[in-house]
Amino acid sequence: MTNTALAGASAPAAGRRRKTAPAPTGPDRIPKPSQGWYRDKVTGDKYRRVTTILSQGSTKGDVLSLWAANLVAETAFAHLPQLVASSRRPETRTEMYDWLRRAPLRKKDERADIGSAVHSIIEAHVLGEPMPVGLVDDPEMAPYLANFLRFVEEWQVTFEASEMVVGNRTAGYAGTLDYLLRSPLIAAEFEVPASTVLMGDTKTGGELDVKGVYPEAALQMSAYRKAEVAWLRDGSTVPMPATHSTGVVLHLRPEGYRLIPVACGDDVFAAFRIVQQAADWVSGLSKSVVGQALALAVAEEKAAA
C-alpha cells in the first residue's frame, strides 16, 4: 500500500522530525499531583487538586494563620532568655528573628514527615506488603502503628482500596483518598448493612479529644465520594465505587486513637462546590479585577507644561 501526501501539504524538513512521547502504560497512566493540579497523561486533561481547592477557597487558611501566630508566640515565650540575649547584637538578632519566624514551617515539616510515614505504614498494611523497615524500627512510629492495628482489630476493619487517585471530570478536580473500608461494627453504628463501603481518612495532628479533625475533612471526603472515576494500581480506570454518606476519620495519635464520624453526603458536596468556586476566584479572576489608579487629565497637562 502506498501512502500519498495530501495536496498542499509540505514534507517535514530533513533532520527536524518531531519526537512523540510514547503513550503511558501501566501505573504511568495514573495522574500525579504537581503544583496544585493532577494531569491525566492519557487525555492531557488537568484537574484541580482537592487539597488546593480547600486551602484557597475555605476558612482553612485562616485557621492555619491563627495556628502559626500562636505557635510563634509560644516559641518566643519558651525561649525568652535566648531572645533577650540575641537582641543585644545585630547579627544574633537577625539570626534569632529568622529562627523564630520559621517556627510554623518547622512544625509543619515535622507533622508532614509524621503524616507521610504513618500513611506509608497504613498503605503497606492495607496492601498486605512488607512494612517499610526504617519506619517499623523507628520508635517514634511504633505507637502510631500499634494504635492503627488496634483500630483495625477492634472495629473488624477490612480495606477495599488505599491511596487511590480519584477524579471528577465534570467538576474538574482530583485527589488521592486515604482508603475505602468495610466494618460491621461501624455499619451497625450507622444502621446500614455490614457490607456497606465507607470513606476513610487518617489525621495525625492535634490532640485527642481536643483538636485534630476539622470541618474541611467533610468537604474533602465529599469530593472524593462524588468522584466519577478511580484509577487502579495497574493504571486502568473504573467508576468510583459507591460509598455511604457518612465516612470516618481515624484520629491517630501516639497516645491512642479516636474514630470520628464525618458527614460527606450530597449537601456537603454542594458546599464543596461553593468552596471550589471561591478557590477559582482566588486563583483566577481576583487577580485581574483591580486596575491601576486613574489620573486626571488636567493634572497631566500641568505636569507637561
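For reference, positions follow the sequence shown, starting with 1.
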Within 6.0 angstrom of Glu255 CD, more than 12 heavy atoms from elsewhere: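 Yes - once you tally the heavy atoms of other residues, nucleotides and ligands closer than 6.0 Å, there are more than 12.
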How are the rings of Phe269 and Tyr173 set to each other: parallel, tilted or perpendicular (split at 30° and 60°)?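 Plane angle between 30° and 60°, so tilted.
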Can you tell me how the ring of Phe151 sits relative to the ring of Tyr257, calling it parallel under 30°, perpendicular over 60° and tilted otherwise?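 Because their plane-to-plane angle is over 60°, the rings of Phe151 and Tyr257 count as perpendicular.
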Indicate if [X] and [Y] have the same hydrophobic cluster label, given that clusters are the connected sets of ILVMFWY residues with side-chain heavy-atom separations under 4.5 angstrom.
{"X": "Ile274", "Y": "Tyr214", "result": "no"}
{"X": "Met164", "Y": "Val229", "result": "no"}
{"X": "Ile53", "Y": "Tyr47", "result": "no"}
{"X": "Leu252", "Y": "Val152", "result": "yes"}
{"X": "Tyr38", "Y": "Leu177", "result": "no"}

Distance in Å, [X] [atom1] paired with [Y] [atom2], rounded so as to fall on 0.5 Å steps:
{"X": "Leu250", "Y": "Asn147", "atom1": "CG", "atom2": "CG", "result": "9.0 Å"}
{"X": "Thr51", "Y": "Leu219", "atom1": "OG1", "atom2": "CG", "result": "12.5 Å"}
{"X": "Ser162", "Y": "Arg233", "atom1": "OG", "atom2": "CZ", "result": "5.5 Å"}
{"X": "Thr170", "Y": "Glu228", "atom1": "OG1", "atom2": "CD", "result": "3.5 Å"}
{"X": "Arg49", "Y": "Ser55", "atom1": "CZ", "atom2": "OG", "result": "10.5 Å"}
{"X": "Glu191", "Y": "Thr246", "atom1": "CD", "atom2": "OG1", "result": "11.0 Å"}

Is there a side chain to side chain contact (heavy atoms under 4.5 Å, CB included) between Glu123 and Asp178? Walk through the geometry before answering. CA-CA 8 Å; Glu123 184 180 15; Asp178 275 13; over 6 Å; no
Side-chain contact test, heavy atoms from C-beta onward, threshold under 4.5 Å: evaluate it for [X] versus [Y] and give yes or no.
{"X": "Leu198", "Y": "Leu180", "answer": "no"}
{"X": "Val248", "Y": "Trp155", "answer": "no"}
{"X": "Leu181", "Y": "Ile186", "answer": "yes"}
{"X": "Val50", "Y": "Phe272", "answer": "yes"}
{"X": "Val275", "Y": "Gln56", "answer": "no"}
{"X": "Leu149", "Y": "Tyr144", "answer": "no"}
{"X": "Asp45", "Y": "Arg39", "answer": "no"}
{"X": "Met199", "Y": "Asp201", "answer": "no"}

Looking just at side-chain N and O atoms, do [X] and [Y] make a donor-acceptor pair shorter than 3.5 Å?
{"X": "Thr202", "Y": "Tyr179", "answer": "yes"}
{"X": "Arg225", "Y": "Gln220", "answer": "no"}
{"X": "Thr243", "Y": "Tyr224", "answer": "no"}

Residues Arg182 and Glu160 bridged, charged N to O under 4.0 Å: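 A salt bridge is present here (some side-chain N lies under 4.0 Å from a carboxylate O).
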Carboxylate-amine/guanidinium contact Arg258 Asp209, below 4.0 Å: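 Between Asp209 and Arg258 there is a salt bridge, with a charged N closer than 4.0 Å to a carboxylate O.
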Under the salt bridge (Lys or Arg N to Asp or Glu O under 4.0 Å) test against Asp40, which residue among Lys46, Arg29, Arg169, Lys32 passes?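 Considering Lys46, Arg29, Arg169, Lys32, a salt bridge (Lys or Arg N to Asp or Glu O under 4.0 Å) with Asp40 is found only for Arg169.
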Just do the side chain to side chain contact (heavy atoms under 4.5 Å, CB included) check on Trp281 and Val289 with the steps written out, would you? CA-CA 10 Å; Trp281 155 258; Val289 294; 4.0 Å; yes
Keeping Thr196 on the side-chain end and Val192 on the backbone end, is there a donor-acceptor pair under 3.5 Å?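 The answer is no, because no donor-acceptor pair under 3.5 Å joins these two groups.
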Without swapping roles, check the side chain of His251 against the backbone of Gly206 for a donor-acceptor pair under 3.5 Å.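 The answer is no, because no donor-acceptor pair under 3.5 Å joins these two groups.
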Using every non-hydrogen atom in the two residues, find where [X] and [Y] come nearest and quote the distance to one decimal.
{"X": "Ala217", "Y": "Val249", "value": "CB-CG2, 4.2 Å"}
{"X": "Thr204", "Y": "Arg253", "value": "O-NH1, 2.7 Å"}
{"X": "Ala230", "Y": "Val166", "value": "CB-CG1, 3.8 Å"}
{"X": "Ala278", "Y": "Gly57", "value": "CB-O, 3.6 Å"}
{"X": "Cys264", "Y": "Gly247", "value": "SG-N, 3.6 Å"}
{"X": "Ala171", "Y": "Asn168", "value": "N-OD1, 2.8 Å"}

